[in-house]
Amino acid sequence: MPRYEYRPLMPTPAAEKAFLEWIEQLDREFSSRDPQHRSDVVQDALCQVYLNRPYAEPSSAPLGQQTLVHSFDPRNTTLEPEYYGDVDAAKYAERKPLIWFWMMFDRSPAGLNHWLGFRMRAMLARHIFKHCGKNVKIFHGVEVSYGYNLTVEDNCTIHKYVLLDDRGEIIIHEGSSVSDYANVYSHSHDLNDGMIVSNHKTEIGPRARITYHATVMSGVTVAEHGMVGSMGVASKDVPPYNIVAGIPAKTIKVKTIAPPEMQKPL
């Protein structure tokens, strides 16, 4: 079976210059943790992306356009996680403008540009996450809950439309991959009263894989080189080098690279 490396792709020099300068400009502005300043920056940046102009008071515009422009301002939006009773309101307030910009950037033509998007999201993640390592690639459509309880270590890849519910805590260790439409949770609800919530630490890796449409439940550890198969629901810890699948997920295979003592008959 052949092993294929990724091809190196680049935009034109003029586009690369514009892309990198814009990211650097936003990075400088977002270094201020003041929610009001960050909201002003986001409002103006989204007006430029969507309306091809800087922000201007829309009071004389038609009501539909006023609604659109007002919605660019994070202060005029509400997001699901800020309704949760366990949110740290101060920490989330710092991050909300950046999370809103991330979501709106991803829904723009610019957000579907992988070269630009990888770099923009990595910059945003360094301001939003508890920790974001080097060479982290995050595709469009990824959503987080609070952000401040999320750690993504070096050389990780988060593919499109992944949900990282860091309501408790999520740690994605070095070299791990989370595939398209996967869900990783860190909170659970009481069976009798859905308003009773328990938060846990959920850990992935190092060098683990959560494959397409799979789910990792709250408090589960997917150990080193572990893999959750497509559509699988990991409700219990996944041992090192084990491949699990099904609902609930159970071991179906042990990787051939596992140490000899782990190559036990199933």
Side-chain angles (χ1 to χ4, degrees), residues 11 14-132 136 138-150 152 158 163-164 166-167:
E16 180 184 5
K17 182 175 184 294
F19 294 163
L20 294 179
E21 287 182 356
W22 188 39
I23 293 171
E24 290 169 4
Q25 179 190 68
L26 291 173
D27 191 21
R28 289 193 301 270
E29 295 286 358
F30 291 151
S31 64
S32 167
R33 304 183 73 86
D34 176 48
Q36 302 302 320
H37 176 73
R38 286 180 167 181
S39 293
D40 288 338
V41 174
V42 166
Q43 177 180 243
D44 187 68
L46 291 177
C47 277
Q48 292 183 46
V49 168
Y50 279 92
L51 302 179
N52 196 32
R53 63 170 174 81
Y55 170 75
E57 180 63 42
S59 56
S60 61
L63 290 174
Q65 186 173 334
Q66 290 187 46
T67 299
L68 176 64
V69 174
H70 283 313
S71 295
F72 291 151
D73 186 345
R75 290 164 289 208
N76 295 326
T77 67
T78 57
L79 300 176
E80 180 182 349
E82 63 186 314
Y83 286 98
Y84 299 158
D86 60 343
V87 67
D88 185 318
K91 286 184 177 181
Y92 190 78
E94 292 178 355
R95 290 161 174 81
K96 179 187 171 182
L98 278 61
I99 293 172
W100 181 242
F101 177 74
W102 182 321
M103 295 171 68
M104 293 297 289
F105 169 79
D106 275 6
R107 288 159 173 79
S108 73
L112 297 178
N113 178 343
H114 282 46
W115 194 97
L116 170 60
F118 290 152
R119 289 158 177 80
M120 179 66 79
R121 295 181 202 100
M123 179 274 290
L124 292 169
R126 289 192 292 272
H127 294 289
I128 296 172
F129 296 176
K130 184 176 182 179
H131 172 75
C132 183
V136 170
I138 305 175
F139 285 72
H140 61 272
V142 171
E143 294 198 14
V144 304
S145 292
Y146 296 156
Y148 55 76
N149 288 329
L150 176 59
V152 180
I158 315 296
L163 171 63
L164 299 175
D166 66 312
R167 191 166 172 177

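None of these values were measured; they are calculated from a predicted model. Worth knowing before you read on, the calculation uses all heavy atoms, side chains too, and leaves out hydrogens, waters and symmetry mates.
In terms of modelled atom types and a separation under 3.5 Å, the side chain of Arg53 and the main chain of Cys47 share no donor-acceptor contact. Under the 3.5 Å distance criterion, the side-chain polar atoms of Gln66 are matched with a main-chain donor or acceptor of Ser59. A donor-acceptor pair under 3.5 Å is formed between the side chain of Lys96 and the backbone N or O of Thr77. A donor-acceptor pair is defined here as one N or O able to donate and one able to accept, closer than 3.5 Å; such a pair exists between the side chain of Asp166 and the backbone of Tyr146. Of the possible polar contacts, one joining the Trp100 side chain to the Ser71 backbone as a donor-acceptor pair under 3.5 Å is found.
Atoms CZ and CE, from Arg126 and Met123 in turn, are 7.5 Å apart once rounded to the nearest 0.5 Å. Between atom CE of residue Met103 and atom CG of residue Leu46 there is a gap of 11.5 Å, rounded to the nearest 0.5 Å. Within the model, atoms CZ of Phe105 and CG of Leu112 stand 8.5 Å from one another, a figure rounded to the nearest 0.5 Å. Atoms CH2 and CZ, on Trp102 and Arg107 in that order, are 12.0 Å from each other to the nearest 0.5 Å. In this structure, NE2 in His70 is found 10.5 Å from CD in Gln65, a value given to the nearest 0.5 Å. Distance CD1/Ile128 to CZ/Arg121: 11.5 Å, rounded to 0.5 Å.
Shortest non-hydrogen contact noted between Pro11 and Ala15 is CB-CB, 4.1 Å. The minimum heavy-atom distance linking Val69 with Leu51 is given by the pair CG2-CD1, 3.7 Å. Between Pro81 and Val87, the shortest heavy-atom contact is O-CB, 4.0 Å. Nearest heavy-atom pair across Ile99 and Ser145 is CD1-O, 4.2 Å. Listed here is the closest heavy atom pair of Tyr50 and Met104: OH-O, 2.7 Å. Scanning all heavy atoms of the two residues, the minimum distance from Val42 to Pro74 falls at CG1-CG, 3.8 Å.
Ring pair Phe19/Trp115 is tilted by interplanar angle, where 30° to 60° counts as tilted. Between Phe139 and His114, the two ring planes are perpendicular [angle over 60°; tilted spans 30° to 60°].
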Walk me through it: do Gln48 and Asp44 pass the test side chain to side chain donor-acceptor pair (under 3.5 Å)? CA-CA 6 Å; Gln48 292 183 46; Asp44 187 68; 2.7 Å; yes
Begin from the C-alpha positions of Phe129 and His127 and carry the test side-chain contact (heavy atoms from CB on, under 4.5 Å) through to its verdict. CA-CA 6 Å; Phe129 296 176; His127 294 289; over 6 Å; no
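Taking the ring centre of Tyr148 as origin, the terminal cationic atom of Arg95 falls outside the region bounded by 6.0 Å and 45° from the ring axis.
Residues Glu29 and Arg38 form no side-chain contact, since every pair of their non-hydrogen atoms from C-beta on lies 4.5 Å or further apart. Put simply, the side chain of Val49 does not reach to within 4.5 Å of the side chain of Phe72, judged on heavy atoms. The closest side-chain heavy-atom distance from Val144 to Asn149 is not below 4.5 Å. The closest side-chain heavy-atom distance from Phe30 to Leu124 is below 4.5 Å.
Salt-bridge annotation for Glu82 and Arg75: absent, with no side-chain N of the basic residue lying under 4.0 Å from a carboxylate O of the acidic one.
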